[in-house]
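All ligand and atom numbering here is 1-based and tracks the order in the structure. Residues take their numbers from the sequence shown, with the count starting at 1.
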Amino acid sequence: MRVLVVGSGGREHAIIWKLAQSPKIKKIYCAPGNPGIADLAECVDIPAEDIEALCQFAKENHMDLTVVGPEVPLTEGIADIFEKEGLKVFGPNKKCAQLEGSKAFTKDFLVRHKIPTAKYKEFTDLLEIKKEVGLFGYPMVIKADGLAAGKGVVIAENKEMALKTCDEMMADKVFGHAGDKVVVEEFLTGIETSILCFVDGNTIVPMVPAQDYKKIFDNDEGPNTGGMGTYSPSFIYDQALDTKIRGQILDPIIDGFKKDGLDFKGILFIGLMIREGEPKVLEFNVRFGDPETQTILTRLETDLVDIIESVLEGRLSEKQIQWSQRKTVCVVMASGGYPGNYEKGKAISGLDDVEDGVVVFHAGTKKKDGKVVTNGGRVLGVTAWGDTTEEAQEKAYKNIKKITFEGAYYRKDIGRFMGDI
Ligand code: AMP
Ligand code: GLY
């Protein structure tokens, strides 16, 4: 098979790392890719958002399958366009991608299908929202309805901050049209965890759970980031929680998809808040998570191409998906200053010095004069495995020290349990 993967992050590197292990794969292309991906795939210089050019490339180069990593092309309908052209594509259609592209669409879906989630109200008028500011008390969770590169959620501690946020989103349009509509939610507390699922329209199959660390500093302090690391399996995930999640969340989701005519084929990423063993849905994404994928796919034993084919053909219920018992930890190396301003173009050394049982997934890197340099906020995901989480953690931290670039920053506590449940 000839496969095109769309995207250029650590997630896409992990997807390609796994796809490349399949005996069915003849050649992998990646648009646009990165230097780490270039070791496994041919990178083509097409941006992930240029659907027309991607479609043309897939047609002209006879792709048997295209796997879409990021959310933007999915919400813009890449799956519909490829399918119309007779091209096989792994990722949900535009209608289903609203589950990531619109917070209001998702909240309406969750409430109608009685899936546990925070109370909410949507607003399209600045004066209305200002009249009702603090309607669920403080902190007030204020979300831009549309895509905002992971930055569209503000937790306002008090009335002053809430009013300022409403002005910024709805009047100043800091997130553009994503803020035309705003969703206000009740503030939930507990432990967050992510469940990624394969979905074929009829069947939903959860993958092994992974835990993301969103804050920039140790002990979950400082501003939110795209994710500073993950580990799998998540400590809080046990049989009782699994049963609850299946019964209260996964089953109603798939029933809801059927009732609403949502023919979802692809990955559904469910962000959960767990309090006293009770899960509530925080958000959906319609793609693999980053950096969750790095610790999940390094535990997958079944051929990923086989799973994707069974999703596209609606045969997921027949598929046995095997996971390794190994534990995995991914520590993200970021540019100094991230998630604020940071410099790019710093030479990276030591990439080839890591030992067996460790993979370095590239995210924000590029080649300059033949050398790999930094090219983004999250630069690398050093991913290690072992028999225990502690062993995987030790290995990740031992090997991350071998890699250096000016200003490199990483959390020291990835894989440590946070919380009080
Ligand atoms: P979202 O993109 O909707 O998942 O929101 C991003 C992050 O904001 C989540 O991962 C949570 O840390 C936080 N968050 C979102 N909604 C809530 C809520 N209702 N209560 C508390 N925290 C929330
Ligand atoms: N790690 C969160 C995400 O991929 O959105």
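Salt-bridge annotation for D180 and K173: present, with a side-chain N of the basic residue lying under 4.0 Å from a carboxylate O of the acidic one. Salt-bridge annotation for D220 and R416: absent, with no side-chain N of the basic residue lying under 4.0 Å from a carboxylate O of the acidic one.
Of all heavy-atom pairs between E12 and V6, the closest is CG-O, 3.5 Å.
Neither the backbone nor the side chain of K214 has a heavy atom within less than 4.0 Å of ligand 2.
Taking a heavy-atom cut-off of under 4.0 Å, ligand 1 is surrounded by K103, A118, V141, K143, V153, I155, E185, E186, F187, L188, E192, K214, L282, E283.
Set against the non-hydrogen atoms of G226, the atoms of ligand 2 under 4.0 Å away are 1 (N). Applying the 4.0 Å criterion to heavy atoms of N285 picks out, from ligand 2, the atoms 5 (O). Of all atoms in ligand 2, listed by their number and element, those nearer than 4.0 Å to a heavy atom of D212 are 1 (N), 2 (C).
Between G289 and ligand 2 there is a heavy-atom distance shorter than 4.0 Å.
With E157 contributing its side chain and Y138 its backbone, the two residues share no donor-acceptor pair below 3.5 Å.
Partners of F269 under the ring pair (Phe, Tyr, Trp, His ring centres under 6.0 Å) rule, at least two apart in sequence or in another chain, do not exist in this structure.
R287 NH2, 2.9 Å is the protein heavy atom nearest to atom 5 (O) of ligand 2.
For F136 and Y120, the ring centers sit 6.0 Å or farther from each other.
By the 30° and 60° cut-offs, the orientation of the rings of F90 relative to F288 is tilted.
Geometrically, K412 engages Y410 in a cation-pi contact defined by less than 6.0 Å to the ring centre and at most 45° from the axis.
With 3.5 Å as the limit, one finds a donor-acceptor pair spanning the side chains of S194 and E292.
Residue R11 places no N or O, backbone or side chain, under 3.5 Å from any N or O of ligand 2.
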